[in-house]
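A short worksheet on the structure shown next.
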Amino acid sequence: MYTFICEDSPNGIFSGVYDAWAFKIQQNKQMPDGGGQSGSRAAGQTRCTHDDIRLTSREPDNYELFSQYFPVTPSAEKSDKVARTLCARLGTEFYETVMNALLAVIPERKGEIDKADAIYHTVVLALSSPAGANTLHRLNHPHVHRVFTLSRATANEAHHLLGFLRFRELENGVLFSTIHPKNNALPILAEHFTDRLPQENFIIYDENRRQAAVHAAGKNFMLADASDLDEAMIKRESCREAEYQSLWLAFFENIAIRARVNPKLQAQNIPKRFWRDTIELSRTGGGHFPPSHAPLPPE
Amino acid sequence: MNIQMNMSLAEKLAILSDAAKYDVACTSSGVDRRGNGAGMGNSVAAGICHTFSADGRCVSLLKILFTNECIFNCAYCQNNCNSDVPRASFTPDEVCELTMEFYRRNYIEGLFLSSGIMVSPNYTMGLIYQTLYQLRRVHQFNGYIHVKAIPGADPVLVEKTGFLADRMSINLELPTAEGLKKLAPYKSRHTILKPMRQIQNRITENKNEVALYRKAPRFVPAGQSTQMIIGATPEHDYEIMRVAESLYQKFDLKRVFYSAFVNVNQDANLPVLPGGPPLLREHRLYQADWLLRYYDFTVDELLSEERPDFNIYLDPKCDWALRHLECFPIEINRADYRTLLRVPGIGAKSAQRIVKARRTAALGFSDLKKIGVVLKRALYFITCSGKMMYRTKLDEDYICRNLIGDRTQIPREIREAGYKQLSLFDIGMEP
């Protein structure tokens with residue numbers, strides 16, 4: 001068994017995929033029979049297959065005895081090559097699914113397949129099988145299923161945030177938003193809002209990862225490290241910001257039907273971890289007390 | 001009538017969003033439109049929910065009335081001309097300002113504009129048109145707009161408005177013409193269905209125009225919808241679903257919404273519902289509505305003259321399956337898509353996944369679980385490679401007992417909504 005230890009980032013895992021594949025080819029070249037039929041193999045010198053290779057996106061807790069370990073250095077060049085191959089041979093939809101899986105952060109439970117390993121074997125399977133990108137439909141395959149769940153986790157959270165994200169207008173006219181996603185949904189969000197608000201200057205700040213997507217009017221967005229964010233700057237709001245926030249609160253409180261108030265359903269639909277970053281839920285605690293002029297429920 | 005002058009924008013918004021809250025449709029789905037690089041906004045076909053109000057309903061659009069001053073006296077409506085509520089009207093500029101500023105801050109996905117009938121249907125429709133025109137042409141708003149067509153308004157105005165909106169709707173209000181006559185004397189089936197037909201024809205025409213000229217302006221690209229109030233009049237579920245089915249078939253509607261009746265006016269003609277609004281009934285109607293649109297069911301398979309109401313303990317699909325045990329068990333690895341859809345516990349998504357996944361290998365029960373099939377419901381009705389999951393009897397009473405034991409049959413939000421004994425109140429609909 002050969003194990004490749006990669007950094008948990010799109011760059012790191014794609015470099016791992018590249019290295020593992022290159023290693024397999026290299027290994028088989030060195031075989032005395034140049035990788036001939038299995039019948040001609042000498043004892044103990046079997047061909048290296050993809051099943052002998054494992055990727056892991058985290059430092060293993062325990063090193064196994066009969067396994068070789070290789071650390072992977074992230075390389076933009078290698079990961080570019082992998083990305084290009086995936087797009088060209090399996091299409092953008094496949095690439096996007098894999099990309100979403102890469103961005104996912106699911107607490108690893110015992111017995112579950114590692115993210116990097118799932119991606120590597122799914123890619124190998126798709127490139128070698130006639131089904132190509134349709135390999136993703138083979139949900140009975142454990143690696144493919146893992147990629148499917150990871151990718152769905154990111155896509156679902158990103159879709160939630162497309163709605164739950166809130167901008168505040170700062171003094172300098174920039175729209176600013178803070179989010180705390182579990183998975184790294186920032187690239188997906190940035191793309192959506194670049195299309196939606198092309199003529200606005202906006203910043204989406206992922207406080208968990210200290211990363212920001214910065215968009216200037218009329219341009220494409222950039223992902224930037226935001227560890228040195230100016231905290232004072234983002235607190236100074238424009239003069240009309242408070243007014244629009246209170247208008248929004250008024251709308252939010254009036255739109256609920258008193259006879260149907262149902263906090264559990266509300267918390268089921270918008271999970272509480274999203275509440276802190278929305279204006280209406282963090283300030284009203286859900287808004288379960290309708291305004292005074294609302295009609296009373298029937299007695 | 002209580003008319004106040006010089007109201008602030010905040011006061012108006014409070015009154016006119018409160019007045020709009022009984023309109024159900026708050027979906028922003030049905031149209032995929034990329035941003036145009038210059039104005040503001042795009043639209044995502046799946047729709048996006050921006051928040052959920054205290055009643056757990058999705059808030060996607062800025063749902064407001066243009067005005068709640070109304071010359072009609074529909075008994076079920078809190079804005080009817082006889083009720084004593086504060087009145088207010090927006091100006092087109094105010095609606096534009098709210099929409100643009102809320103949209104920039106990502107509070108909303110677009111605008112839902114409805115209105116009371118001020119002065120005359122034409123006058124009101126004209127104001128709505130003017131608002132939409134300003135939003136689209138002056139403010140370059142490219143997001144989602146859902147607008148109500150006012151029954152009785154000039155067809156030319158309705159058509160011009162339709163070219164600015166994504167979705168249009170005209171509320172059917174009540175399932176039958178008699179109900180409408182009794183509770184909404186100024187409205188009639190005719191004035192409601194006529195513009196509905198007009199919009200349908202124009203959408204069909206427009207599809208041909210767009211096929212010929214790709215850049216032809218789109219007319220109501222997200223289709224039209226309507227809404228019915230449930231529980232204000234004594235119709236059975238069977239009649240309601242028949243109406244919905246014919247709306248889908250004959251009027252090409254995208255959605256029919258059902259709104260559990262809330263007695264806001266304490267009108268003598270209307271039922272008093274001690275158990276609160278008939279939420280479970282509404283839920284069953286939506287479930288059946290889905291069966292019509294995505295699961296290839298017809299109303300006559302689900303209900304009949306003899307059984308005119310849905311089973312409150314079982315969802316409509318389980319109920320159907322129990323009465324048609326002769327169709328089961330079906331073999332997962334061989335049954336076609338339409339047959340898979342009829343199995344309780346298999347939804348449209350899992351059926352699609354099954355059809356794709358079984359191309360490479362025969363599926364077993366553990367694979368079905370991964371795919372998302374609800375096995376505790378499906379296991380009585382399916383085999384995998386000829387085997388059932390457990391030894392179970394294909395017996396109506398036995399399966400029924402087990403299915404009812406499953407608490408998800410009555411959705412959590414209704415179980416926990418705070419009113420008990422929903423079975424009693426839900427059947428006893430008589431006023």
Side chain, backbone, both or neither: which part of [X] has a heavy atom under 4.5 Å from chain B?
X        : answer
A:Phe274 : neither
A:Phe193 : side chain
A:Leu281 : side chain
A:Arg146 : neither
A:Leu247 : both

Is it the case that atom [atom1] in [X] sees more than 12 heavy atoms from other parts of the structure closer than 6.0 Å?
X        : atom1 : value
A:Glu93  : CD    : no
B:Arg34  : CZ    : no
A:Met233 : CE    : yes
A:Arg273 : CZ    : yes

Which bit of [X] is near chain A, if near means a heavy-atom gap under 4.5 Å: side chain, backbone, both or neither?
X        : value
B:Thr360 : side chain
B:Arg104 : both
B:Tyr107 : both
B:Leu62  : both
B:Ile354 : neither
B:Ala19  : neither

Using a 3.5 Å distance criterion without hydrogens, assess whether the side chain of [X] forms a donor-acceptor pair with backbone atoms of [Y].
X        : Y        : answer
B:His50  : A:Gly163 : yes
A:Gln266 : B:Asp55  : no
B:Asn106 : A:Leu162 : yes
A:Asn140 : B:Leu363 : no

Looking only at side chains, do [X] and [Y] share a donor and an acceptor under 3.5 Å apart?
X        : Y        : value
A:Tyr244 : B:Glu97  : yes
A:Asp195 : B:Asn42  : yes
A:Arg196 : B:Tyr103 : yes

Task: Where B:Ser17 and A:Ile255 come nearest, the two heavy atoms and their spacing - done: O-CD1, 3.6 Å
Task: Heavy-atom pairs under 4.5 Å with chain A, option from B:Ser53, B:Gly39, B:Ser43 with the top count - done: B:Ser53
Task: Residue, of B:Leu13, B:Thr51, B:Leu16, that accumulates the most heavy atom pairs under 4.5 Å with chain A - done: B:Thr51
Open item on the list: Below 4.5 Å, heavy-atom pairs only: which of A:Leu139, A:Leu161, A:Asn269 has the largest tally toward chain B?
Closed with: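 That would be A:Asn269.
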Any side-chain heavy atom of [X] within less than 4.5 Å of one from [Y]?
X        : Y        : answer
B:Lys21  : A:Ile257 : yes
B:Arg358 : A:His137 : no
B:Ile48  : A:His192 : yes
A:Arg138 : B:Lys356 : no
B:Met40  : A:Gln199 : no
A:Phe252 : B:Phe52  : no

Task: Pairing of B:Glu101 and A:Arg240 as salt bridge, 4.0 angstrom limit - done: no
TODO: Drop me the distance from A:Glu243's CD to B:Ser8's OG, to the nearest 0.5 angstrom.
DONE: 9.0 Å
- [ ] Enter the distance from B:Leu98:CG to A:Phe251:CZ here, rounded to the nearest 0.5 Å.
- [x]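 Between atom CG of B:Leu98 and atom CZ of A:Phe251 there are 9.5 Å.
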